[in-house]
Amino acid sequence: MSMKLLVLPGDGIGPEITDATLRVLRAVDESHALGLDIETAGIGLASLATEGTTLPERVTKRIPEVDGVVLGPVSHYAYPPREQGGINPSAQLRVEFELFANIRPSRSRPGLSILRTPMDLVIVRENTEGFYSDRNMYAGSGEFMPDADQAFSLRKITAKGCERLAHAAFTLARRRRGHVTAVHKANVLKLSDGLFLREIRKVAEQYPDVRLEELIVDAAAAALVRRPQDFDVLVTTNMFGDILSDEAAELSGSLGLGGSLNVGHDVAVAQAQHGSAPDIAGQGVANPTSLVLSAAMLLDWRGRRDRDERLSRAAAAMEASVEAVLADPETRTRDLGGSLGTDAFTDRLVAAVRKTQHAAGPRT
């Protein structure tokens, strides 16, 4: 059995960290006999220059035919308007393939976290609606200006979106410590977050072994600093989840250290938590950790889905190699106070993968 991966390098540092991730994937493929079948396709500014679009149709047609996608960061702020080919690949894939859950783990690492007590949690963020105006309308934008001095943005919350997100969160909590925190602002957004909480509570009844807690978003933001050890799985709407996951990542060590997986019923896309960082592109200093861990999450997702323990063990080996290399201050990248560039850091990861034996699955 083999696993077909479609790799989309993206913009900025995307090609560099994607290349690093592929090196690690090939090492784990060799050590765990996965039979990975990897193909690469251009998107972003590269395909805009050659095909007039940042997301060619041939790419979206290919996605349902493969077993997983690795998506590099994209510089969508630099794209032309959509009618001129400037499609945000990240947002488009989430909507088109209903990648309704964005799963983002954050775990403290010694010498890198600024927290007094360790953090080990996962934020499950809704991915296709909410305050994100580019993805919550069938046609047009959810953000508009009736005149030059007024701007409006519509928030969409649906029962379907909340229900499927809740199932993702509770299923994950069952594999972890059995605790879900629903983060909301229902004291102000009474209708939309009221609907969100209604659906979360309904789904919670189907998971009597998982404890449900509810917390207002501003209190949650403070609690991530004060009592991070109290959280296991947090489930929340799109924008709240985006903000809180960035906060959690920075508190636990760095935005560059957290994996991220966009999950639907049949499609999953691994994607680094951070952006394309064009200011350091081509300098050989980018930290590939986030995309490497995201790719490991993708292997584990496929392994659980197909009941293929090889993939889950390979994912665990990738995660263990990252932990081993980051544990030594001398083998960290420059953004983490070390001295290694992208290639040298990846060399260490590859070497660690080749000697790592790990039976259990990733800790996500």
Side-chain angles (χ1 to χ4, degrees), residues 10-12 43-45 47-48 51-57 59-60 71 73-102 104 123-165 182-200 216-218 220-221 235-247 260 262 264 267 269 271 273-276 278:
D11 306 310
I43 60 165
L45 296 172
S47 64
L48 181 68
E51 301 179 57
T53 176
T54 55
L55 186 60
E57 186 177 355
V59 172
T60 56
L71 173 64
V74 294
S75 300
H76 61 91
Y77 283 137
Y79 294 173
R82 187 181 182 92
E83 58 270 19
Q84 298 176 23
I87 301 169
N88 179 351
S90 176
Q92 182 65 27
L93 296 186
R94 292 176 183 186
V95 173
E96 184 168 345
F97 296 103
E98 295 192 74
L99 307 178
F100 55 84
N102 183 209
R104 293 186 169 189
I123 293 176
V124 180
R125 162 199 175 199
E126 203 290 317
N127 219 13
T128 61
E129 49 188 41
F131 270 126
Y132 280 72
S133 58
D134 63 344
R135 65 200 70 173
N136 64 13
M137 302 287 283
Y138 173 71
S141 173
E143 193 169 45
F144 56 93
M145 295 180 69
D147 61 46
D149 298 314
Q150 296 185 80
F152 295 84
S153 186
L154 298 178
R155 182 185 197 225
K156 182 179 74 174
I157 302 293
T158 67
K160 175 184 175 181
C162 297
E163 178 189 16
R164 62 190 184 183
L165 181 75
V183 180
H184 65 93
K185 192 67 175 175
N187 56 324
V188 175
L189 301 167
K190 297 181 183 295
L191 295 180
S192 54
D193 266 0
L195 174 60
F196 168 75
L197 287 177
R198 185 193 80 186
E199 295 303 310
I200 296 293
I216 293 174
V217 63
D218 39 328
V235 61
T236 190
T237 53
N238 203 336
M239 186 168 287
F240 292 164
D242 197 6
I243 295 168
L244 290 177
S245 60
D246 280 8
E247 178 194 7
S260 175
N262 303 289
V267 176
V269 176
Q271 182 179 17
Q273 284 197 28
H274 56 76
S276 61

Please collect all ring-ring contact (aromatic ring centres under 6.0 Å, His included) contacts where either partner lies in residues 129-150, sequence neighbours excluded, each pair once.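 Residue pairs with at least one partner in residues 129-150: Phe144-Phe152.
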Indicate yes or no: at least one non-hydrogen side-chain atom of [X] is less than 4.5 angstrom from one of [Y].
{"X": "Phe196", "Y": "Leu165", "value": "yes"}
{"X": "Thr237", "Y": "Met239", "value": "no"}
{"X": "Leu93", "Y": "Thr60", "value": "yes"}
{"X": "Asn238", "Y": "Glu129", "value": "no"}
{"X": "His184", "Y": "Ile216", "value": "yes"}
{"X": "Val124", "Y": "Asn102", "value": "no"}

Shortest non-hydrogen contact from [X] toward [Y]:
{"X": "Ala186", "Y": "Leu197", "answer": "CB-CD1, 3.7 Å"}
{"X": "Gly241", "Y": "Ser245", "answer": "O-OG, 2.8 Å"}
{"X": "Gly161", "Y": "Glu126", "answer": "O-CG, 4.4 Å"}
{"X": "Ile200", "Y": "Cys162", "answer": "CD1-O, 4.3 Å"}
{"X": "Leu99", "Y": "Val269", "answer": "CD1-CG2, 3.6 Å"}

Hey, is the main chain of Ser90 close enough, under 3.5 Å, to the side chain of Gln271 for a donor-acceptor pair?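 Pair absent, no side-chain N/O of Gln271 close to backbone of Ser90.
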Any side-chain to backbone donor/acceptor pair from Asn127 onto Arg94? Under 3.5 Å, distance only.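 Answer holds: no.
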Can you list, pair by pair, the side-chain donor-acceptor contacts under 3.5 Å of residues 74-83, counting residues two or more places apart and other chains?
residue: Ser75; atom: OG; partner: Ser276; partner atom: OG; Å: 2.7
residue: Tyr79; atom: OH; partner: Asp11; partner atom: OD2; Å: 2.5
residue: Arg82; atom: NH2; partner: Gln92; partner atom: OE1; Å: 2.9

Which residues satisfy the side chain to side chain contact (heavy atoms under 4.5 Å, CB included) test with [X], sequence neighbours excluded?
{"X": "Val217", "value": "Val183, Lys185, Phe240, Leu244"}
{"X": "Ser153", "value": "Ser133, Glu143"}
{"X": "Asp149", "value": "Asp147"}
{"X": "Glu98", "value": "Lys160, Arg164"}

Could you pull out all residues at least two apart from [X] that satisfy side-chain hydrogen bond (donor to acceptor under 3.5 Å, both in side chains)?
{"X": "Ser192", "result": "Arg155"}
{"X": "Gln273", "result": "none"}
{"X": "Gln84", "result": "none"}
{"X": "Asn187", "result": "none"}

Rounded to the nearest 0.5 Å, how far apart are CD1 of Ile243 and CZ of Arg125?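 The CZ atom of Arg125 is 9.5 Å from CD1 of Ile243, to the nearest 0.5 Å.
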What's the spacing between Ile43 CD1 and Thr54 OG1 if we round to 0.5 Å?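 Interatomic distance, Ile43 CD1 to Thr54 OG1, rounded to 0.5 Å: 8.0 Å.
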Would you please name every residue forming a salt bridge (Lys or Arg N to Asp or Glu O under 4.0 Å) with Lys156, sequence neighbours left out?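 If we apply the salt bridge (Lys or Arg N to Asp or Glu O under 4.0 Å) test to Lys156, skipping adjacent residues, there are no hits.
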Salt bridge (Lys or Arg N to Asp or Glu O under 4.0 Å) against Asp246, all qualifying residues, sequence neighbours excluded: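 So Asp246 forms a salt bridge (Lys or Arg N to Asp or Glu O under 4.0 Å) with Arg104.
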